[in-house]
J.: 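The structure's right below; bear with me while I get my questions together.
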Amino acid sequence: MKELEERIREQGTVKSGDVLKVDAFLNHQCDVELFDHMGAAWAEHFQGKTITKILTIEASGIGIACVAARHFGNAPVVFAKKAQSINLDGDQYTTTVYSFTKQKEFPVIVSKRYLNEGDHVLLIDDFLANGKALRGLIELCHKAGAVVEGIGIAVEKGFQGGGDKLREEGYDVDSLAIVESMDSQTGSITFRA
Ligand SMILES: O=P(O)(O)OC[C@H]1O[C@H](OP(=O)(O)OP(=O)(O)O)[C@H](O)[C@@H]1O
Ligand SMILES: O=c1[nH]c(=O)c2nc[nH]c2[nH]1
């Protein structure tokens with residue numbers, strides 16, 4: 001998606017440790033019009049698939065998933081929580097995920113009320129790096145007996161390999177910008193053609 005690539009070139013910065021900082025528009029300050037265009041692009045890609053639910057993971061996926069849902073018939077958006085809470089009651093599907101930016105393991109929890117057998121799920125997230133977050137969400141879907149229909153990602157860091165492994169396994173991964181390489185010394189960013 002050219003618009004997203006241009007924003008990354010204009011406002012993204014490359015940090016050491018394979019971190020791309022895009023918090024001016026994607027995951028701190030949020031450009032809702034851009035999110036809307038991203039939702040439209042996923043709707044076009046996943047056209048013809050029945051999506052009964054959108055599943056994401058807190059925190060950064062939530063806003064993007066909610067705006068994208070407007071392009072999927074207002075499908076309910078469920079976000080997996082990364083901490084137990086007195087607000088989480090009843091039976092839960094749980095797993096653990098290593099967080100790329102926080103560099104520690106988190107529980108990943110969805111109430112059994114909100115993910116069901118028979119659900120056709122679109123997974124949405126802001127970033128795909130090693131694929132840990134998506135693996136966690138896929139595991140929760142399998143536990144629930146839900147079908148993963150596709151995966152919509154804003155920015156994939158292709159050089160970290162998580163996305164290509166999922167594609168090899170047959171998942172339909174639609175990443176709107178795939179960074180093939182980036183350099184924190186020069187600030188250069190190359191996108192997959
Ligand atoms: O493919 P992976 O290696 O799993 O990396 C991608 C994940 O990393 C980030 O989550 P993180 O927990 O770092 O930050 P967040 O709380 O801002 O979403 C991002 O939001 C993705 O969920
Ligand atoms: O803001 C972010 N930048 C990144 O490079 C990244 N990788 C995973 N999650 C990420 N979030």
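Just follow the structure's listing: the first ligand is 1, and inside any ligand the first atom is 1.
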J.: Do any nitrogen or oxygen atoms of Leu20 lie less than 3.5 angstrom from nitrogen or oxygen atoms of ligand 2?
T.: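 Yes, there is a polar N/O contact under 3.5 Å.
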
J.: Under a 4.5 Å cut-off applied to non-hydrogen side-chain atoms, are Ile8 and Phe25 in contact?
T.: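 The answer is yes, as the side chains (C-beta and beyond) meet within the 4.5 Å cut-off.
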
J.: Would you mind checking which non-hydrogen protein atom is closest to atom 10 (C) of ligand 2, with the distance to 0.1 Å?
T.: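 In this structure, atom 10 (C) of ligand 2 has Phe127 CG, 3.5 Å as its nearest protein heavy atom.
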
J.: Would you call Lys2 and Glu5 a salt bridge, taking side-chain N to carboxylate O under 4.0 Å as the test?
T.: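 Looking at Glu5 together with Lys2, the answer is yes, because their closest N to O distance falls below 4.0 Å.
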
J.: Relative to the heavy atoms of Thr101, which atoms of ligand 2 are at a distance of less than 4.0 Å?
T.: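 Near Thr101, the atoms of ligand 2 are 9 (N), 10 (C), 11 (N).
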
J.: Salt-bridged, Arg167 to Asp174, with N to O below 4.0 Å?
T.: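 The answer is no: the pair does not qualify as a salt bridge.
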
J.: Hey, are the side chains of Leu26 and Phe35 touching, using non-hydrogen atoms and a 4.5 Å cut-off?
T.: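 Yes, close enough: below the 4.5 Å cut-off.
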
J.: Applying a heavy-atom cut-off of 4.0 Å, say which part of Leu26 lies close to ligand 2: side chain, backbone, both or neither.
T.: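 Within the 4.0 Å criterion, Leu26 makes no contact with ligand 2.
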
J.: Please tabulate, line by line, the atom pairs linking an N/O of ligand 1 to a protein N/O at a distance below 3.5 Å, with the distance in Å to 0.1, or answer 'none'.
T.:
{"from": "ligand 1", "atom 1": "1 (O)", "to": "Ala129", "atom 2": "N", "distance (Å)": "2.8"}
{"from": "ligand 1", "atom 1": "1 (O)", "to": "Asn130", "atom 2": "N", "distance (Å)": "3.2"}
{"from": "ligand 1", "atom 1": "1 (O)", "to": "Gly131", "atom 2": "N", "distance (Å)": "2.7"}
{"from": "ligand 1", "atom 1": "3 (O)", "to": "Asn130", "atom 2": "N", "distance (Å)": "2.9"}
{"from": "ligand 1", "atom 1": "4 (O)", "to": "Lys132", "atom 2": "N", "distance (Å)": "3.1"}
{"from": "ligand 1", "atom 1": "4 (O)", "to": "Ala133", "atom 2": "N", "distance (Å)": "2.8"}
{"from": "ligand 1", "atom 1": "12 (O)", "to": "Lys82", "atom 2": "NZ", "distance (Å)": "2.7"}
{"from": "ligand 1", "atom 1": "12 (O)", "to": "Ser99", "atom 2": "OG", "distance (Å)": "2.7"}
{"from": "ligand 1", "atom 1": "13 (O)", "to": "Ser99", "atom 2": "OG", "distance (Å)": "3.0"}
{"from": "ligand 1", "atom 1": "13 (O)", "to": "Thr101", "atom 2": "N", "distance (Å)": "2.9"}
{"from": "ligand 1", "atom 1": "13 (O)", "to": "Thr101", "atom 2": "OG1", "distance (Å)": "2.5"}
{"from": "ligand 1", "atom 1": "14 (O)", "to": "Thr101", "atom 2": "OG1", "distance (Å)": "3.2"}
{"from": "ligand 1", "atom 1": "14 (O)", "to": "Lys102", "atom 2": "NZ", "distance (Å)": "3.2"}
{"from": "ligand 1", "atom 1": "16 (O)", "to": "Ala59", "atom 2": "N", "distance (Å)": "3.4"}
{"from": "ligand 1", "atom 1": "16 (O)", "to": "Lys82", "atom 2": "NZ", "distance (Å)": "3.1"}
{"from": "ligand 1", "atom 1": "16 (O)", "to": "Lys102", "atom 2": "NZ", "distance (Å)": "2.4"}
{"from": "ligand 1", "atom 1": "17 (O)", "to": "Ser60", "atom 2": "OG", "distance (Å)": "2.6"}
{"from": "ligand 1", "atom 1": "18 (O)", "to": "Ala59", "atom 2": "N", "distance (Å)": "3.4"}
{"from": "ligand 1", "atom 1": "18 (O)", "to": "Ser60", "atom 2": "N", "distance (Å)": "3.2"}
{"from": "ligand 1", "atom 1": "18 (O)", "to": "Ser60", "atom 2": "OG", "distance (Å)": "3.3"}
{"from": "ligand 1", "atom 1": "20 (O)", "to": "Asp126", "atom 2": "OD1", "distance (Å)": "2.6"}
{"from": "ligand 1", "atom 1": "22 (O)", "to": "Asp125", "atom 2": "OD2", "distance (Å)": "2.5"}

J.: Taking distance alone, with N or O pairs closer than 3.5 Å, would you say Lys21 contacts ligand 2?
T.: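 Such a contact does not occur with ligand 2.
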
J.: Considering distance alone, does some N or O of Lys157 sit under 3.5 Å from an N or O of ligand 2?
T.: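 There is such a contact, yes.
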
J.: Per the side-chain contact (heavy atoms from CB on, under 4.5 Å) rule, which among Thr186, Leu20, Val179 passes with Val14?
T.: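 The side-chain contact (heavy atoms from CB on, under 4.5 Å) with Val14 is passed solely by Leu20 among Thr186, Leu20, Val179.
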
J.: Between Val78 and Lys53, is any pair of side-chain heavy atoms under 4.5 Å apart?
T.: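 Yes, side chains in contact.
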
J.: Within the 4.0 Å heavy-atom shell around Asp18, which atoms of ligand 2 are there?
T.: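 The atoms of ligand 2 under 4.0 Å from a heavy atom of Asp18 are 5 (O).
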
J.: Indicate yes or no: at least one non-hydrogen side-chain atom of Tyr98 is less than 4.5 angstrom from one of Phe106.
T.: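 Not in contact.
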
J.: With the side chain counted from C-beta on, respond yes when Val108 and Tyr93 share a heavy-atom pair under 4.5 Å apart, and no when they do not.
T.: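 Val108 vs Tyr93: side chains apart.
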
J.: Number the atoms of ligand 2 from 1 as they appear, then name those within less than 4.0 Å of a heavy atom of Asn27, with their elements.
T.: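 Contacts of ligand 2 toward Asn27, numbered from 1: 1 (O), 2 (C), 11 (N).
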
J.: Consider only side-chain N and O atoms of Gln92 and Ser111, and report whether a donor and an acceptor are under 3.5 Å apart.
T.: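 There is no such pair (donor and acceptor under 3.5 Å, judged by atom type) between the side chains of Gln92 and Ser111.
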
J.: Heavy-atom distances under 4.0 Å are what count here, so tell me which part of Asp126 touches ligand 2: side chain, backbone, both or neither.
T.: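 Neither; nothing of Asp126 gets under 4.0 Å from ligand 2.
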
J.: What protein heavy atom is closest to atom 8 (C) of ligand 2, reported as residue, atom name and distance in Å?
T.: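 Scanning the protein heavy atoms, the shortest distance from atom 8 (C) of ligand 2 goes to Phe100 CD2, 3.4 Å.
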
J.: If only atom types and distance count, is the side chain of Asp119 paired as donor or acceptor with the main-chain N or O of Asn116 below 3.5 Å?
T.: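 At least one qualifying donor-acceptor pair exists.
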
